[in-house]
Amino acid sequence: MHTHRVQLAVNGKLKTVTVPADERLLDTLRTKMDLYGARYGCGTGHCGACVVSQEGVGLVPSCLMLTVRLDGAAITTYEGLETDPLMRDLQDAFVEEGAAQCGYCTPGILLSLHHVLSQDPVDENVVRESLVSHLCRCTGHYASVRAAMKVLQRKAGMKVAVD
Amino acid sequence: MQWIEASTLDELQSALVQGYRVIGGGTGLLGDENPVEKVVDIRRFPDANQIVEYPSRWQLGPVVTLTHLQAWAKNHVPGLADGLNRLGTPVLRNLATVAGRLANREPTSDLYPMMRLLGTEVLVMSREDPQPRWMLLEYEGPLYGANRVWLALRIPRSTKRRRMVFEKITKARLNGSIVNGAVSWQQSVANGQIHVQMVISGVFEIPCHLSVCSKPLDLATKIRAQWQAFQQMGWVPIDDFRASAAYRAHVAGVVLERLLKTQSGFFESSLEEA
C-alpha cells in the first residue's frame, strides 16, 4: 500500500501523520487525531455533518478531501473552537431554542454558523443560506435560525452598548 | 489507491499513459460510489487555481472552484454569479471545480447551460495527442473520455452573452426530476431586435438549444420559444414524464418568464429608447 507523510496544522497544532493515498481527511481526524466533531453522514459532501474549516478556502466537506492533498494546510474542527466566546454563545442559544435533538449534525451546523456570524454584515438570509449546506432530519432548521439570530441580536446589543 | 502529482505536460502525459485519472476538486471522483485506483493531481500546474485576465479572454485554471468563479462573476457576469448561487451548497462550491463540474457531465447539467451561453472554450490534452488544443465547450464530442485532461477554460471577453438568467425547475418529490435552463439575450444596435438564446438541460439526454429573435421581448416571444421547444424532436428523452412536448414547452416558458420578470426594467428602458 502506498503511504505518504503529511503535515497538517489542526486547531493550531502541527501534526504529522502517515496516511494511505485514499484516506479522507474525515478518517484522519477521527482515527488518527481523536477529533470526533466531524462526522460521517452521506459520504458525498451533501449533508454537512463532516464540515471543517480550511484556512484560505473556507468550510469544506472533509469526507471528500484526500488527506494527502492537504500537506501544509491549516484545518479547524469543531473542537478547535471549544473555548471561542462566539461558539459558546451559539451553544447556549442552541440549548435555549432546542435546536439540537439527536445532535449528529450539530457540530457541523455550529461550525457553519460560527463561520457566518464571524463575518460582517450578517442578516437572516445569510444565516439561512449557510444552513443550505446541512441536512438535519430530526430538528429541522427553524430552531437553528432562531438561535443564530438570537446570538446576532445579542452581539448587536453589546455593540450598541459599547458605542 | 495510488496518488501522484503532475506539474508539467510531460508528467501529465506519462500519468495518462499509465491509466491515472485526473483529480481536481474531487467531489465527483471521491464520492463513495466511484472508487478509483490511480489519481493524478494537477493543482501544481501554473495558474491552476487562478482566473487570469488577458486582453481577449478570461482564463480559468483547472482547479478554480465554483466559489472562486462566483466571486469573479459578480463583477463581470452578474447573471452567472446569481446562477452559481443555486448550484449545490456553499460548502460543496468551496471544493467543487468548474472544470470538474463540466467534465463530469450529467443530462441535468446545471453549469453547462450558463458556460455554453458564454462561449466557453476548453484546453484539452489527450493521451494520444499531447499537444493541448482549444475546443468549444460542447456537451458531446472529443472533449470527453478517460484519457482526456482539461488544462484550462477560457471565456472570450467579447462574449455577447454576459447578460443571462438561470432557472432551476424541480418537482416537489425525491425522484431527481430536475431541469436547468439558462437564457441570455442581446439587442441589435441596427434594428433593435433582441436575440434570445436558451440552453435547457434535464429534458433530453443532451441539453437542447433554442433561439428566438424578437422585438419587443414580450409574451409573444415566450410563445414562440415554447413552440420551438414543442417541436424539438429526434433526441433521446430522459424519461416519459419529461419527454412530453407539452412539458418541454412549459419549461421553455418558465425560463423565459423568469427573464421577463427579472429584467423588466431593462426591457422597458430599451423599448423607450427604441
Side-chain angles (χ1 to χ4, degrees), chain A residues 1-4 6 19-27 38 40-73 105 108-109 111-113 115-116 119 125-135 141, chain B residues 1-7 15 18 20-45 48-50 63-68 70-71 81-82 84-97 100-101 104 106 168 174 176 178:
Chain A
M1 185 185 289
H2 297 259
T3 57
H4 303 262
V6 178
V19 295
D22 60 352
E23 183 166 304
R24 320 292 168 93
L25 176 62
L26 176 64
D27 298 322
Y40 184 90
C42 63
T44 57
H46 289 90
C47 73
C50 66
V51 159
V52 297
S53 176
Q54 183 184 354
E55 193 177 88
V57 178
L59 298 172
V60 285
S62 60
C63 72
L64 288 180
M65 304 176 78
L66 292 178
T67 306
V68 68
R69 300 184 78 201
L70 292 166
D71 193 26
C105 63
I109 290 177
L111 205 57
S112 267
L113 290 175
H115 181 79
V116 80
Q119 295 167 356
N125 285 336
V126 178
V127 168
R128 285 176 179 276
E129 173 67 18
S130 75
L131 292 174
V132 168
S133 301
H134 299 274
L135 293 177
H141 286 322
Chain B
M1 185 177 83
Q2 292 175 45
W3 172 89
I4 57 170
E5 284 187 295
S7 56
Q18 294 171 59
Y20 280 83
R21 291 189 61 189
V22 174
I23 184 167
T27 56
L29 200 59
L30 297 181
D32 282 350
E33 66 274 21
N34 291 321
V36 284
E37 291 298 315
K38 298 169 163 184
V39 294
V40 55
D41 197 335
I42 56 171
R43 66 193 164 136
R44 302 231 187 264
F45 258 73
N49 60 356
Q50 301 291 319
V63 296
V64 166
T65 62
L66 296 177
T67 299
H68 188 174
Q70 190 179 6
D82 179 48
L84 284 163
N85 204 35
R86 307 174 73 187
L87 268 56
T89 67
V91 166
L92 267 180
R93 290 197 294 269
N94 284 340
L95 194 62
T97 61
R101 190 78 168 180
N104 298 298
E106 301 160 348
K168 192 179 267 287
L174 296 173
I178 299 170

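Throughout, a chain's letter reflects where its sequence line sits, starting with A, and its residues are numbered from 1.
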Option that, when pairs with chain A are counted at under 4.5 Å, heavy atom only, ranks first among L95(B), V39(B), T65(B): L95(B)
Minimum heavy-atom distance H2(A)-M1(B), with the two atoms named: CB-O, 4.4 Å
Closest approach of L92(B) to L64(A) (non-hydrogen atoms, all atoms of both residues): CD2-CD1, 4.0 Å
Identified side-chain contact (heavy atoms from CB on, under 4.5 Å) partner of T89(B) from the options C47(A), S112(A), S133(A): S133(A)
Which portion of Q54(A) sits near chain B, non-hydrogen atoms under 4.5 angstrom: neither
Part of H4(A) lying under 4.5 Å from any heavy atom of chain B: side chain
Side-chain (R43(B)) to main-chain (R69(A)) donor-acceptor, under 3.5 angstrom: yes
Short side-chain to backbone donor-acceptor contact, N94(B) and L59(A), under 3.5 Å: yes
Residue among V68(A), V132(A), V57(A) with most heavy-atom pairs under 4.5 Å to chain B: V68(A)
Enclosure of Q119(A) CD (heavy-atom neighbours >12, cutoff 6.0 Å): yes
Chain A contact via D41(B) - side chain, backbone, both or neither, heavy atoms under 4.5 Å: side chain
